[in-house]
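Ligands are counted one by one from 1 in listed order, and the atoms in each one are counted from 1 as well.
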Amino acid sequence: MYLKLVLRSALLIVVAGSAQAQYPTKPMSMVVPFAAGGPTDTLGRTIAQAMTVDLKQTVIIENVGGAGGTIGVNRVAKASPDGYTLLLHHIGMSTAPALYRNLPYKTLEDFEYIGLVADVPMTLIAKKDFPPNNYKELVAYLKANRDKVTYANAGLGAASHLCGLLFQSAIETDLTTVPYKGTAPAMNDILGGQVDLMCDQTTNTTSQIKSGKVKVYGVTSKARVPSLKEIPTLDEQGLKNFEVAVWHGVYAPKGTPKPVLDRLVTALQAALKDSNVKLRLADLGTEPVPMAKATPEALRTFLKSEVDKWGPIIKKAGQYAD
Ligand code: ASP
């Protein structure tokens, strides 16, 4: 009986081991916790496509938007830890613990880490016929019309929400915010003129800026963005030290086996080294992180430092959701 049991568990280990050695054997999904067609989706699809090449399995993007990304994150926290469900998320991963009183998952305990991906700058844009023609006019206009102006964002904890908070606090003006499930639907309303203003990532705004479909007042990075070099930074226009860069990482559910995680790290790094990925990201105003950051350790350490950084800032701002 004992021998049988030992043999059986040895067999199970061998089977599990060989399943992991062959991993992945079927299509995988990468959850993007925002609407399709937006900045996280665009980055996710670029990375997933390149990982598909290395993994020789399709990586399908699953858009699970809502509640500033927390619904999608929870979906991955509860998924089977077998390497077939991944998460691509941004800075919102680190702000949600302070923003949401009843988060249905534990940010620092429910995930395994694959690596950081890219830091994406943001742009302050408006609908085409918004009256102010430059940053100086914008600030004066917002102060004079604070009750009328609507500001779009992708929900509490989204990058557009954080950028908006920092901007409104920097110019000491409160605007009416309109939350969406992602900045893709928000962009549709900016283009349609139903909402006035938005701070959104270059991965979503570059083509609209270049085709003149939206007005742009500045970029949120410290230095100008090479692909949008005619657009001044907010800092150089007087909003001193204003800097927002949206970092992104790839995660797996807690308990995903180490060999599977190792395989995913290799695939992520291959994707970030891919020259097509580099070109595509450069066109969209960003670039892959250096390889030393595309590691589980770098993401684990960085996420923890961001959770520690944002907690007190958000508490002080007094922003919460249940
Ligand atoms: N990342 C969100 C999206 O993809 C936007 C945001 O965070 O502001 O829609």
Side-chain angles (χ1 to χ4, degrees), residues 30-48 61-76 86-100 107 116-126 150-168 175 177-191 195-209 214 216 219-221 234 242-251 280-281 284-286 303 306 310 314 317 319 321:
M30 181 182 272
V31 171
V32 161
F34 293 100
T40 317
D41 183 66
T42 298
L43 182 65
R45 280 174 204 271
T46 306
I47 300 300
I61 293 291
E62 215 184 309
N63 297 96
V64 186
T70 56
I71 296 175
V73 177
N74 190 42
R75 152 106 177 67
V76 178
L86 308 177
L87 169 71
L88 177 108
H89 194 14
H90 63 24
I91 189 169
M93 188 79 173
S94 63
T95 55
L99 284 169
Y100 289 82
T107 302
L116 285 155
V117 175
D119 293 339
V120 183
M122 302 191 85
T123 46
L124 189 58
I125 60 159
T150 49
Y151 179 93
N153 70 30
L156 212 60
S160 43
H161 167 240
L162 297 172
C163 182
L165 266 188
L166 295 174
F167 175 65
Q168 290 170 71
L175 306 170
T177 51
V178 185
Y180 292 80
K181 279 195 174 175
T183 49
M187 178 63 91
N188 285 340
D189 278 5
I190 292 263
L191 295 174
V195 66
D196 298 323
L197 198 63
M198 173 161 76
C199 183
D200 195 17
Q201 298 167 67
T202 53
T203 32
N204 200 35
T205 59
T206 297
S207 64
Q208 312 296 0
I209 291 171
V214 296
V216 58
V219 296
T220 67
S221 39
L234 291 174
F242 190 86
E243 189 181 11
V244 187
V246 185
W247 62 268
H248 296 76
V250 178
Y251 307 81
R280 170 101 176 109
L281 294 188
L284 295 173
T286 184
L303 175 66
E306 285 284 286
W310 284 105
I314 290 165
Q319 298 259 336

field: N or O pair under 3.5 Å between Lys181 and ligand 1
entry: no

query: Should His161 be counted as touching ligand 1, given the test is an N or O pair under 3.5 Å?
result: no

query: Of Asp200, Asn204, Thr40, Thr183, which has the heavy atom at the shortest distance from atom 9 (O) of ligand 1?
result: Thr183

statement: So the atoms of ligand 1 within less than 4.0 Å of a heavy atom of Ala154 turn out to be 5 (C), 6 (C), 8 (O)

- prompt: Going by heavy atoms in the side chains, are Leu88 and Phe34 under 4.5 Å from each other?
  reply: no

query: So which heavy atom on Leu303 is nearest to which on Ser94, and how close?
result: CD1-CB, 3.9 Å

task: Assess the side chains of Thr205 and Thr123: does a donor N or O sit below 3.5 Å from an acceptor N or O?
output: yes

- prompt: Side chains of Asp189 and Tyr180: do they bring a donor and an acceptor to under 3.5 Å?
  reply: yes

- line: Check: of Ala152, Gly182, Ser160, Gly69, min heavy-atom distance to atom 8 (O) of ligand 1 comes from Ser160

field: Polar atom proximity, His90 to ligand 1 (N or O, under 3.5 Å)
entry: yes

query: If you measure from each heavy atom of Ala35 to ligand 1, is any distance below 4.0 Å?
result: no

query: Taking Thr40 for the side chain and Val32 for the main chain, is one N or O donor matched with an acceptor at less than 3.5 Å?
result: no

task: Look at the aromatic rings of His90 and His248 and report parallel, tilted or perpendicular, splitting at 30° and 60°.
output: perpendicular

